[in-house]
Amino acid sequence: MTFYDGIYPFYPLQRTSFIFSTHLLTIILVFLVLTVSFLLILPGIRGKSRLFWMFRIIISLFIGIVIVALNFTSDWAEARTTTNTTYKSFSSEEVNAELGLHIGLYGINITLKGNPVNQLNETINYNEMFAWKDTIDEEYGDALERGLPNPILYIAEKFTLNNPCGLIYQYRYSGRYASATLWTAFCCWLVANVLFSMPVILYAGYMMVATAAFIFFSMASFSTIMNLPTCLFTIGTSGAFRTEYSGSFWLALVTGVLCLIIGVLVVLLDCLIPGKIREAFSVGVDNDEDEEVYFGEGYLNSNFLAGVTTTPLTTLVLPTDEIRNVSRQPSLQELSVRM
């Protein structure tokens, strides 16, 4: 060790292992603030509707945060294997490590963790992100310059433009279409929440069904990667491994089914018991006719009645013929004769 304790420029810069995605952390914090803000107004809601409003807020914000977060997760599909493989180029030394490939809508994450972590006088704990804004060739070239381990470079090279597998084309376009449909689902979710606050509950149910439909479209778009010709990843002694659907894909499925159930229930209840459903959402309810207005006791200043005489009302009884003559309006001819 030197005075700089092994820090660059005399030694390679110490790496910090991946902890948590900043995009996901920002999304979670924003929706947590919204949740707390809405829950703070619950004490102002009276009666049994307070519990209904609490569940409504929680479920709605859960759907919203899932739709947004799914755009930035990196575990729509993944593959894992534990193998003995060479660690660095131009070296025959092998390490035992767990290798993982995590596929998202905007790129891939490649992880390499040693068993144990400290081997060959190094800490083997890598989590490298390769985003395909256009291609990953530049990031792959940067990885070569940094001297990343061979297993990471091997998998990243499969997604370059010149690779015979051609994985980059299908994965990139599938991710873009899936992300676009997810953002459309988020817009439908916003419109549905606005409509739930208006006396058009039926259309709010339709928008929830539309939200579910676009989530399913995103899943269908991402699923097209499974129709690609098989491109084997052969690393070390473990043999080939293939990608399978992972947590984000199944979370999207659960959220889509939840939106579909909510939308169908709202549409059915609005058709069967429209009054009850509007009362539950506190919209379109007018109780002015049922309420009795009481103005309290009043006092009249007697000075205003000074010099005013009152006479009792008399009832005037007319014969039937005179009533008919009074009620009948004169015609134009009669008016011209009179004039």
Distance-only polar pair, side chains of Asn127 and Thr111, donor-acceptor under 3.5 Å: no

Could you pull out every donor-acceptor pair under 3.5 Å between side chains of residues 248-261 and any protein atom, sequence neighbours left out?
residue : atom : partner : partner atom : Å
Ser248  : OG   : Thr73   : OG1          : 2.8
Ser248  : OG   : Asp75   : OD1          : 2.3
Thr255  : OG1  : Leu251  : O            : 2.8

Side-chain heavy-atom pair Val95, Asn84 within 4.5 angstrom cut-off: no

Any donor-acceptor N or O pair under 3.5 Å, side chains Ser221, Ser174: no

Exam field: side chain Glu93 to backbone Leu120, donor-acceptor pair closer than 3.5 Å: no

Linked, directly or transitively: Phe62 and Leu32 (ILVMFWY side chains, under 4.5 Å): yes

Partners meeting side-chain contact (heavy atoms from CB on, under 4.5 Å) with Glu145 (sequence neighbours left out): Asp142

Taking distance alone, no hydrogens or angles, what donor-acceptor pairs closer than 3.5 Å link side-chain atoms of residues 155-165 to residues at least two apart or in another chain?
residue : atom : partner : partner atom : Å
Glu157  : OE1  : Asn163  : ND2          : 3.0
Glu157  : OE2  : Asn163  : ND2          : 3.0
Thr160  : OG1  : Glu157  : O            : 2.7
Asn163  : OD1  : Cys165  : N            : 2.9
Asn163  : ND2  : Glu157  : O            : 3.2

Shared hydrophobic cluster, Tyr173 / Leu70 (ILVMFWY, side-chain heavy atoms < 4.5 Å): no

Donor-acceptor contact below 3.5 Å, side chain Ser179 vs main chain Gly175: no

Interatomic spacing from CG in Leu99 to OG1 in Thr81 - rounded to 0.5 Å: 7.0 Å

Using distance only, find each side-chain donor-acceptor pair of residues 206-217 under 3.5 Å and give its atom names and separation, not counting sequence neighbours.
residue : atom : partner : partner atom : Å
Thr211  : OG1  : Trp189  : N            : 3.4
Thr211  : OG1  : Met207  : O            : 2.8

Sub-4.5 Å side-chain heavy-atom contact between Trp132 and Ile108: yes

Glu138: side-chain contact (heavy atoms from CB on, under 4.5 Å) partners, not counting sequence neighbours: none

All pairs passing ring pair (Phe, Tyr, Trp, His ring centres under 6.0 Å) where residues 251-277 contributes a residue, at least two apart: none

For Tyr177, all residues meeting ring pair (Phe, Tyr, Trp, His ring centres under 6.0 Å), sequence neighbours excluded: none

Test log, rule side chain to side chain contact (heavy atoms under 4.5 Å, CB included), inputs Ser60 and Asn193: CA-CA 8 Å; Ser60 179; Asn193 281 274; 2.6 Å; yes

Side-chain hydrophobic cluster, 4.5 Å single linkage: members besides Met129: none

Polar side-chain atom of Thr184 near backbone of Ala180 as donor-acceptor pair, under 3.5 Å: yes

Thr82 versus Asn115, side-chain donor and acceptor atoms under 3.5 Å: no

Candidate pair Thr243 and Glu78, rule side chain to side chain donor-acceptor pair (under 3.5 Å), full reasoning: CA-CA 5 Å; Thr243 57; Glu78 65 179 10; over 6 Å; no

From Leu101 atom CG to Ile152 atom CD1, the distance as rounded to the nearest 0.5 Å: 11.5 Å

Heavy-atom check, side chain of Phe72 versus side chain of Leu105, under 4.5 Å: no

Any pair counted as salt bridge (charged side-chain N to carboxylate O under 4.0 Å, His left out), so long as it reaches residues 261-273, sequence neighbours left out: Asp270-Arg278

Hydrophobic cluster membership, Val33 vs Leu25, 4.5 Å side-chain cutoff: no

Single-linkage hydrophobic cluster Ile59~Ile201, side-chain heavy atoms < 4.5 angstrom: yes

Residue pairs involving residues 97-119 (criterion salt bridge (charged side-chain N to carboxylate O under 4.0 Å, His left out); sequence neighbours excluded): Arg80-Glu98

Distance, nearest 0.5 Å, that separates CZ of Arg146 from CG of Leu153: 9.0 Å

Partner set under side-chain contact (heavy atoms from CB on, under 4.5 Å) for Ala69, not counting sequence neighbours: Leu24

Side chain to side chain contact (heavy atoms under 4.5 Å, CB included) between Ile63 and Ile262, worked out: CA-CA 11 Å; Ile63 294 173; Ile262 293 174; 4.1 Å; yes

Distance in Å, Glu94 CD paired with Thr85 OG1, rounded so as to fall on 0.5 Å steps: 6.5 Å

Approximate separation, where rounding is to 0.5 Å, of Ile168 CD1 and Asp137 CG: 8.0 Å

Connected hydrophobic set around Leu40, excluding itself, where side chains approach under 4.5 Å: Val36

Polar contact flag, side-chain donor to acceptor under 3.5 angstrom, Gln119-Tyr87: no

Steps toward side chain to side chain contact (heavy atoms under 4.5 Å, CB included) verdict (Phe130, Ile110): CA-CA 8 Å; Phe130 295 88; Ile110 304 175; 3.8 Å; yes

Least distance between heavy atoms, Leu112 atom then Pro149 atom: CD2-CB, 3.7 Å

OG1 on Thr35 to CD1 on Ile65, rounded to 0.5 Å: 7.0 Å

Steps toward side chain to side chain contact (heavy atoms under 4.5 Å, CB included) verdict (Val68, Trp183): CA-CA 7 Å; Val68 177; Trp183 284 117; 4.1 Å; yes

Within 6.0 Å of NZ in Lys88, more than 12 heavy atoms from elsewhere: yes

Flag for Ser223-Tyr245: side-chain donor and acceptor within less than 3.5 Å: yes

Candidate list Phe222, Tyr171, Tyr106, test ring pair (Phe, Tyr, Trp, His ring centres under 6.0 Å), partner Trp76, passing option: Phe222

Close side-chain approach of Met198 and Tyr203, heavy atoms under 4.5 Å: no

